[in-house]
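Worth knowing before you read on, the calculation uses all heavy atoms, side chains too, and leaves out hydrogens, waters and symmetry mates. Here is the naming used below: chain letters follow the sequence lines, and residue numbers restart at 1 for every chain.
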Amino acid sequence: MTASRTIRHKAAAGKIPAVPLTIEGYSVLHQMMRFRWSAWRQLSAAQRTEIASEAGRLLGQWEQAKSGQSAVYSLIGHKGDLMMVHFRSSFDELNRAEMQLAQLRLNDYLEPTTSYLSMIELGLYESSLKTYHELIEQGIEPHSEEWKRAVKEILDRQREAMRPRLFPEVPNARYISFYPMDRRYAGEVKQIITGSIGFDDWEWGVDLFADDPLVFKKLIYEMRFDQVSAVYAQFGHFYIGVRCLTKDLVALLNGEAPQ
Amino acid sequence: MTASRTIRHKAAAGKIPAVPLTIEGYSVLHQMMRFRWSAWRQLSAAQRTEIASEAGRLLGQWEQAKSGQSAVYSLIGHKGDLMMVHFRSSFDELNRAEMQLAQLRLNDYLEPTTSYLSMIELGLYESSLKTYHELIEQGIEPHSEEWKRAVKEILDRQREAMRPRLFPEVPNARYISFYPMDRRYAGEVKQIITGSIGFDDWEWGVDLFADDPLVFKKLIYEMRFDQVSAVYAQFGHFYIGVRCLTKDLVALLNGEAPQ
Amino acid sequence: MTASRTIRHKAAAGKIPAVPLTIEGYSVLHQMMRFRWSAWRQLSAAQRTEIASEAGRLLGQWEQAKSGQSAVYSLIGHKGDLMMVHFRSSFDELNRAEMQLAQLRLNDYLEPTTSYLSMIELGLYESSLKTYHELIEQGIEPHSEEWKRAVKEILDRQREAMRPRLFPEVPNARYISFYPMDRRYAGEVKQIITGSIGFDDWEWGVDLFADDPLVFKKLIYEMRFDQVSAVYAQFGHFYIGVRCLTKDLVALLNGEAPQ
Amino acid sequence: MTASRTIRHKAAAGKIPAVPLTIEGYSVLHQMMRFRWSAWRQLSAAQRTEIASEAGRLLGQWEQAKSGQSAVYSLIGHKGDLMMVHFRSSFDELNRAEMQLAQLRLNDYLEPTTSYLSMIELGLYESSLKTYHELIEQGIEPHSEEWKRAVKEILDRQREAMRPRLFPEVPNARYISFYPMDRRYAGEVKQIITGSIGFDDWEWGVDLFADDPLVFKKLIYEMRFDQVSAVYAQFGHFYIGVRCLTKDLVALLNGEAPQ
Amino acid sequence: MTASRTIRHKAAAGKIPAVPLTIEGYSVLHQMMRFRWSAWRQLSAAQRTEIASEAGRLLGQWEQAKSGQSAVYSLIGHKGDLMMVHFRSSFDELNRAEMQLAQLRLNDYLEPTTSYLSMIELGLYESSLKTYHELIEQGIEPHSEEWKRAVKEILDRQREAMRPRLFPEVPNARYISFYPMDRRYAGEVKQIITGSIGFDDWEWGVDLFADDPLVFKKLIYEMRFDQVSAVYAQFGHFYIGVRCLTKDLVALLNGEAPQ
């Protein structure tokens, strides 16, 4: 926070830009859906298997994709029955994934309850200041063409160095906890994974992955207990899901919870 | 509150951890549902009995379970007709119970209105401080491996000692009052039963059980009248139900209020 | 307010209990419903009369009941077409009334929009202090068994004396204005009729009855204009209804507004 | 505002009543509705004309009424397709109008989205003080029977003098902007037309009529820019409609926007 | 902001009007809709093509219009599947466009989720002051007839000069980000495109157009990071769409995301 305060201080003096640098990776769409069990059960077992298999093939390809994976979760509670998480390289591709899902016959049994659109984001809070310092020491004039080119070069380098964190695989954990939040710009933000300013109704969307859900509680509890978070952080709805590999999708749609 | 203030004081000095210790028991899911009376009445008496009996068998097993029980309540007002409360040993099992209910034919007549996901929680507010004190007196360095092992041992011991409160049976009372709430960390919280930070949209979910509903009013009234609560506590919706044993489920679904 | 401040003052000194005494009467349920006119009109006149008469018989019994009456109102605006107000001696009986209504064939044409659960409540704000004073003057130790017994005796006596106000008939006025509210404990509350702390989402539910609806406006206007209320009182939705005696129910369901 | 402050000042000294006087005229109901275009288009042209004409006859009578008119507006945007504004001499008559509309066959194609219940109100802010002054100068004791009689006489006289403003015709303007608002009692309120304290969820409902909708924007912009309004005024949803005379109702329901 | 503060200062002294001048251009309606994929897929391919082509012809004319264009976007997420943006010369014409869309057979497959009504607006913040200054220097008395005529002339001149910005074509960018916002009058507002005070529930509606959606994030991030915006600006929901030219509408409705 000292660093970011210094940036603000210098920024106030008009010397360097006030906004911390960020770099972005995957475009991300969370889709929460309710499943129409009553209508589904009116189908024959053969029809159900056929429809679920068709969906399983598409989702299976996305689950196994070398880059830009998707994952399916069985949600707990009334906020939805299924959550799909899509990692893609652009908003175009997210829109395409959404449209492809809408063409599945399974779609007749899915009702969207909510969704969240964001981009994986790394905030260069500490290094923004360092970067600006170094450029100034090199005698580069803030806001000049040279400055902009230098900043862009640094960002490109960082983006390359942090590639695995910007373009990750979906973690293998059993549980997911997803929630949107605002932090009102009070110092560093540690739990942020995807930024959604300008895309959706909160500033960040956070995904936590764990094999023991108690981890979620401990982590958020500590964050809330902290004076700064208690005052500045606001949380949206929480979505808790159990991972369902697409090989288990037919079983899930037969009413069997994920193994 | 003195104790927790002292913890904060020491914590501020960086000596001991700031977050009070908690231990967890059952995973808990509350499901509120509306019942489709019109569609239900279009069935023959025989069909209704068959469907209600099927549901009664599953719910009866859960009601009588040695551990991890479920209970059914007839809700008063428009927020729902039925509330099911499930105590289970993991989120996996809650998801499984939810899926099993969804496969019942009765499910065609149930509409989810809301739900709440949490874990039974005991806050070791007073004893956190005592624990930390004792460890320091034993010369154990805060945050060291030895410290962590010692804290874990103490928690394990407490968990064992408080087993009946962490893994309770559903109380036999006639009425239930359920509500979620936040307390904003202002001292000890006495009415807390389940914690939901990181799982659902409020910090705690509280269940009160009584044979006279006036008890609920007196209790919450006192809590609200108290200066601290009036400022720091926020309450979600209140759900009031009358217990319906599964032996009376067929009668309930024939329109007879619980005996 | 002077009295209640003195209580708080003494209470702060730990001498007497801080919470003003209340006594309770009828359990009360307000049910707001929309009427499915389109489906209703598809019935033959004979069917409509039969279904409305069946409902009229049940509601007529409740309207004429010696104790624990119900009343029907034709609501103005989109918040609902009908409002039923039930006075009963327990929550069990409210649940039973609700279930009996759900079994009527008329129920197929009713959609619940909202409801409110509360108990008729008289706050003994002034007399709490007087009571505590007298007990202290008699040398009775606050919080002792003797104190509790004395308080209970006084409450029983008050309950008996105020029986007509705790267990009233439904007033004969043409109009009703119902709204829930919070007062945040700022002195005496004069308009309170039913308390709902611990039962529903607001602290009180207020019913006003009048033959001229302008009375409602004048009354609430004065309350809001008052500095204290303006700051401390919060109001929920307002529901305005025209009384419909059950003898006019068939006509109402034929589209004739209450005479 | 000086006048109203003086009233408060005197009121605080307990000399004169604190609440400014108001006089009331028509009872007013706004009904916003969505039109079921898909179902409507499935009717034959003849059926559509018949149903629209039936509605047109009733609405035409109300539009041409010597007193207590109704008007129809084609709403812009998703908040509804039609808005009906009813001026009536009592809540009874509003309830009757509502019921008569519900009996039209057109009602099968209308879905209520919201509504607003209020009374045309003139606030005698300046003259309240003058009135009180004069009475005091005449030596009449505040709150005495004589005082009340004198105040009532003055109100009756004002009501008679302001008859055209209390019982107006629906203005002939092409556009309407309706919105509910609160003002938190900060001085004079100029834009108020109907009061709804005690009747609906905001303090006032405002109707603006104009042939150029830009007038609405300029007017509210000035009000919001004003320091006092910016702090004290809160606005509900805005509803913008284009007047549709009932002679054009059949055309409107054939998909032609008002001429 | 200095300029606007000076205006306020002079305005406070009663010398010049307090409200900054604005000039208006197109009336604008945003319509967000969900598409009924399940019902749509039950049509034959021939029917789908016919219905989509009918819609394409109308929307194509609007897309190509010399003035007052419309554009179609494929929305990402659950807030809707399609967004239509209409630029028209009056509210009458917006109502007409809305009615024409409602008559399309495609309308049976569209559900409105929300909408937004506004007017393209340019705030003459800086030049208001300059204008007032010049008039005062010319010896023209504020609020006089001469003053009003002079202001009107200046506005007419500005409106003519800024015609291209007041009556723009829909930009050719691939992505759109639309959101409503309030700014509470804290200095100059730079991102404002359409004003909606008096028309809809927020003060402004903002449309951003870009070929790279990251631009939206950077832009809003900077705005939020700015101290003034962080305190005074409030944002509504964000809607992100991918432009779909009407030549691609048939493909879109066959489930192919925009090329």
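Listed in order of number, the residues of residues 99-116 of chain B that approach chain A to under 4.5 Å between heavy atoms are B/Met99, B/Ala102, B/Gln103, B/Leu104, B/Asn107, B/Asp108, B/Pro112, B/Thr113, B/Thr114, B/Ser115. Proximity to chain B at a heavy-atom threshold of 4.5 Å picks out A/Trp37, A/Ser38, A/Arg41 from residues 35-43 of chain A, in numerical order.
Donor-acceptor pairing under 3.5 Å is lacking for the side chains of B/Asp201 and A/Tyr179.
Taking B/Glu24 as the reference, A/Lys217, A/Lys218 meet the salt bridge (Lys or Arg N to Asp or Glu O under 4.0 Å) condition, with sequence neighbours excluded. Considering only residues two or more places apart in sequence or on other chains, B/Ser44 meets the side chain to side chain contact (heavy atoms under 4.5 Å, CB included) condition with B/Ala46, B/Gln47.
Top candidate by heavy-atom pairs under 4.5 Å with chain B, chosen from A/Ile240, A/Asp212, A/Leu75, is A/Ile240.
Checked options B/Asp200, B/Asp92, B/Leu117; the residue passing with A/Ile76 is B/Leu117 (criterion: side chain to side chain contact (heavy atoms under 4.5 Å, CB included)).
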Step-by-step side-chain contact (heavy atoms from CB on, under 4.5 Å) determination, A/Tyr175 to B/Phe91: CA-CA 9 Å; A/Tyr175 294 104; B/Phe91 275 18; 3.6 Å; yes
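For A/Asn254, the part lying near chain B is the backbone, with the side chain staying farther off; criterion is any non-hydrogen pair under 4.5 Å. Contacts of A/Ser177 with chain B are made by side-chain atoms alone, with heavy-atom separations under 4.5 Å and no backbone atom involved.
Heavy-atom minimum distance, B/Leu29 versus A/Gly77: CD1-CA, 4.3 Å.
Within the 4.5 Å cutoff, side-chain heavy atoms of B/Met119 are placed close to those of A/Pro213.
Taking NE2 of B/His30 as the start and NE2 of A/His78 as the end, the distance is 13.5 Å to the nearest 0.5 Å.
Within a 6.0 Å sphere centred on CD of A/Glu169, heavy atoms belonging to other residues, nucleotides or ligands number 12 at most.
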